[in-house]
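Before any comments, here is the structure.
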Amino acid sequence: MFLAFGGAALAQDPTLAATPPMGWNSWNHFAGRVNDADVRAAADALVSSGMRDAGYIYVNIDDTWEAQRDAQGVIHTNDKFPDMKALADYVHSKGLKIGIYSGPGPKTCAGFEASYQHEEQDAKSYADWGIDYLKYDLCSFRMIMRQQAPHDQDKQNQMMKDAYEKMHKALIATGRPIVYSLCQYGWDDVWKWGPSVGGNLWRSTDDINDTWQRMSEIGFGQLGLAKYAGPGHWNDPDMLEVGNGGMTGDEYRTHMSLWAILAAPLLAGNDLSSMTAETLSILTNKEVIAVDQDALGKQGDRASAVGMTEIWTKPLSGGAVAAGLFNRDAEEHPVTLHLRDIGFENHAKLRDLWKHEDVHTSNGSYTVTVPAHGVVMLKVSR
Ligand code: GLA
């Protein structure tokens, strides 16, 4: 299906990721250690914790599942994943979907077998196994680009686009709907061409890690990308670190709130089998998830900044607006939201999405103390 959007072609079916994908990915917590049992445990936990019912549907295996190819070139799984089809069946039996990882180069980032010159074959293997989502990571394809087009950046960029489009065509040819996640760290303004090569989402930055410094740098750095996102095609500021232990509760609430305002994919990256009640409550805040998943499909952006505080807003369906009042400083600060600045008259309904209670403006504004590295997240409606 080819649709026009903002001047560029949209090469994918927008019903496939009509709202930003939600689920879990193995990398942030398990990295190269992930195995079949971990993935089954994650699927079990998505169900028992209520996360599946809150919208977390995809169970995504990241790098290190791959073994060598056989004489016919067919990719095999390594000892950590004895039977991918059986694993996919298990995940599906829980009412979930399953994702996998590869890349256009000869090797993945972790040095495992990737899809270079085996794209159709790999797409077919994924479809045969019952895969629903592919993260396709540039990594060693950069070496191919440099070898084949030394010192020619334009040619290298074109090679990169062609490589992503090639796998998209291979996925389409399988006939199975497979969400296509581009991972090339935002190179060459991927948001401008990602949709035209079939991307349902594309990483807009280099890797996140479980620190306030990195998370906030990525999240607050997403300025100006809103116009490139919409149903079926999303900016991806990388996976969640909520619950991995490197940030405070306030910092993780900032992470979750900011990602929701950015209409980012919500891919939990923690060990779901052993999470605290606070982690679960952050990941399953239905009012915040509803902001991320709003049917209008608009990404938010920064509305104002005063000192180390920033207000980010996201238009929601029905004329409502989500407003994140963020404090990037290491001390608490009052933040004031003026209704007229976000398109409302003096009378609006305000709801605090973390306290789960209605709050009230006075004289057309709302002032609240926001904790260090924290957030107050509001829904403003008429
Ligand atoms: C890259 C990606 C990460 C992860 C690793 C796996 O760094 O950006 O998200 O997939 O590769 O090796």
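One-based numbering, in listed order, for ligands and for the atoms of each. Values below: every heavy atom of this structure, side chains too, minus hydrogens, waters and symmetry copies.
- Take S204 and apply the side-chain hydrogen bond (donor to acceptor under 3.5 Å, both in side chains) test, not counting sequence neighbours, and it matches Q222.
- Around the NZ atom of K124, the shell of radius 6.0 Å holds no more than 12 heavy atoms that belong to other residues, nucleotides or ligands.
- Enclosure of atom CD in Q147 by more than 12 non-hydrogen atoms of other residues, nucleotides or ligands within 6.0 angstrom is indicated.
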In a simple table, one pair per line, please give the protein and ligand 1 atom names for every N or O pair closer than 3.5 Å, along with the distance.
unit_1	atom_1	unit_2	atom_2	d
ligand 1	7 (O)	D207	OD2	2.7
ligand 1	8 (O)	R203	NH1	3.1
ligand 1	8 (O)	R203	NH2	3.2
ligand 1	8 (O)	D207	OD1	2.6
ligand 1	8 (O)	D207	OD2	3.4
ligand 1	9 (O)	K135	NZ	2.8
ligand 1	9 (O)	R203	NH1	3.2
ligand 1	10 (O)	D62	OD1	2.6
ligand 1	10 (O)	D62	OD2	3.4
ligand 1	10 (O)	K135	NZ	3.0
ligand 1	11 (O)	D137	OD2	3.0
ligand 1	12 (O)	D63	OD2	2.8

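- Ring planes of W24 and F30: perpendicular class, angle over 60° (limits at 30 and 60°).
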Please set out all donor-acceptor pairs under 3.5 angstrom arising from side-chain atoms of residues 32-41, sequence neighbours excluded.
unit_1	atom_1	unit_2	atom_2	d
R33	NH2	H29	O	2.8
N35	OD1	A37	N	3.0
N35	OD1	D38	N	2.9
D36	OD1	R40	NE	2.7
D38	OD2	N35	N	3.0

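- V321 belongs to a hydrophobic cluster with I311, L325, V335, L337, L339, I342, F344, L350, V359, Y366, V368, V370, V376, L378, V380, counting contacts under 4.5 Å between side-chain heavy atoms of Ile, Leu, Val, Met, Phe, Trp and Tyr, direct or through other members.
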